[in-house]
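Reviewing the structure listed below.
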Amino acid sequence: MNRFEDISALLQRGRPRELSALVQEELADGTAANDILIKALIPGMSAVGERFKKNEIFVPEVLITARAMNAALNVLKPALAQAGVEPVGTALICTVKGDLHDIGKNLVKMMIEGTGIQVIDLGVDCPPERVVEAVKEYKPDIVCLSALLTTTMVAQKETIDALKAAGLRDTVKIMVGGAPVTQAFADEIGADAYTPDAATAAEWARACFA
Ligand code: B1M
């Protein structure tokens with residue numbers, strides 16, 4: 001087994017300590033953080049998703065894996081981010097109301113931070129009114145809304161509608177994303193952008209300041 005397969009296997013077995021140590025070792029050996037992410041961690045998470053879908057594993061096992069994934073992402077974070085750069089702007093990010101999935105959101109946050117944008121993270125299950133309050137408080141340039149469930153995509157629309165009602169819609173650019181979200185849905189709900197993955201999300205965010 002190569003190192004990427006070992007990393008993927010430890011992730012799938014939900015071993016945060018051993019996983020973090022191996023990711024650290026791989027970084028120390030000079031492997032790019034992005035390669036570890038794309039070639040080991042994301043495939044590992046996809047394998048977990050497939051087994052979850054087939055009812056081979058259940059929510060507790062997936063939660064354990066998710067914790068391990070977040071531990072590995074924390075090890076990668078400094079390498080994914082650019083150190084010591086003055087923030088070029090501010091973004092707000094959250095997973096919308098009713099939705100507890102945070103791995104993709106955390107990844108998008110890290111990649112955006114890596115472009116020199118300061119990111120304020122409102123966490124998961126974030127109601128529209130909390131986003132409205134945070135836009136008033138932090139005056140961000142960009143609002144990023146993540147949704148992983150077909151049932152919570154509607155909360156992306158509700159959040160945009162709440163910003164409109166508060167007269168704040170035109171003060172920010174809004175990006176939506178998450179596995180079930182599409183460009184057509186983003187257009188329908190009046191978002192400024194849909195991006196399919198964390199790298200494209202970061203590119204779009206950075207381009208807002210070009
Ligand atoms: Co959940 N879950 N889950 N789950 N879970 C999915 C999403 C699901 C597809 C699994 C399946 O059936 N195959 C399914 C959704 C079906 C649907 O609606 N279409 C599902 C379900 C049904 C549920 C529950 C309802 C299960 C239950 O209780 N019966 C429940 C809902 C809880 C809730 O949110 N209210 C639930 C619970 C959970 C756990 C808590 C156990 C756990 C989450 C833990 C956590 O996040 N801390 C969990 C997990 C881990 C998953 C899977 C296995 C993995 C998700 C993940 O982290 N992927 C997932 C199956 C899968 O995706 N294969 C599944 C890795 C991550 C890097 O990818 O999040 O897609 P992703 O993010 C990507 C892109 O989407 C994009 O960039 C990221 C990286 O490139 N992106 C953005 C994400 N946000 C973005 C925002 C942007 C731009 C891009 O701009 C703002």
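Each ligand, and each atom within it, is numbered from 1 in the order the structure gives.
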Taking only non-hydrogen atoms of Ala66 and a 4.0 Å limit, the atoms of ligand 1 in range are 44 (C), 45 (C), 47 (N)
Can you find a protein heavy atom under 4.0 Å from atom 52 (C) of ligand 1? no
Closer than 4.0 Å: a protein non-hydrogen atom to atom 76 (C) of ligand 1: yes
For atom 80 (O) of ligand 1, grab the closest protein heavy atom and report residue, atom and distance to one decimal in Å. Ala198 N, 3.1 Å
As an exercise, identify every atom of ligand 1 less than 4.0 angstrom from a heavy atom of Ala179. 70 (O), 75 (O)
Between Val135 and Leu92, the two heavy atoms sitting closest are CG2-CD1, 3.7 Å
Could you check whether atom 59 (C) of ligand 1 has a protein contact, counting only heavy atoms that fall below 4.0 angstrom? no
Note: heavy atom closest to atom 79 (C) of ligand 1, options Leu107, Ile142, Val48, belongs to Leu107
Nearest atoms (heavy-atom pairs only) where Val143 meets Pro140: CG2-CG, 4.3 Å
Considering all protein heavy atoms, does one lie under 4.0 Å from atom 70 (O) of ligand 1? yes
Hey, which atoms in ligand 1 end up nearer than 4.0 Å to a heavy atom of Thr195? 88 (C), 89 (C)
Who's the nearest protein heavy-atom neighbour of atom 50 (C) of ligand 1, and how far? Val62 CG1, 3.2 Å
Among all the protein's heavy atoms, is there at least one whose distance to atom 62 (O) of ligand 1 comes out below 4.0 Å? no
Of Ala201, Gly104, Pro196, which has the heavy atom at the shortest distance from atom 74 (C) of ligand 1? Pro196
Protein contact to atom 46 (O) of ligand 1 [nearest heavy atom, distance to 0.1 Å]: Asp102 N, 2.8 Å
For Ser146, is at least one N or O under 3.5 Å away from an N or O on ligand 1? yes
Ligand 1 contacted by Gly178 (non-hydrogen, < 4.0 Å): yes
At under 4.0 Å between heavy atoms, which part of Met45 makes contact with ligand 1: side chain, backbone, both or neither? side chain
Looking at non-hydrogen atoms alone, which of Leu100, Leu149, Thr152 comes nearest to atom 31 (C) of ligand 1? Leu149
Quick one: does Asp99's side chain have a donor or acceptor within less than 3.5 Å of a partner on Leu148's backbone? yes
Could you check which of Ala202, Ala91, Ala147, Gly177 puts a non-hydrogen atom nearest to atom 86 (C) of ligand 1? Gly177
Considering the heavy atoms of Leu145, write down every atom of ligand 1 situated less than 4.0 Å from one of them. 91 (C)
From the list Thr195, Thr95, Ile112, side chain to side chain contact (heavy atoms under 4.5 Å, CB included) partner of Cys144 resolves to Ile112
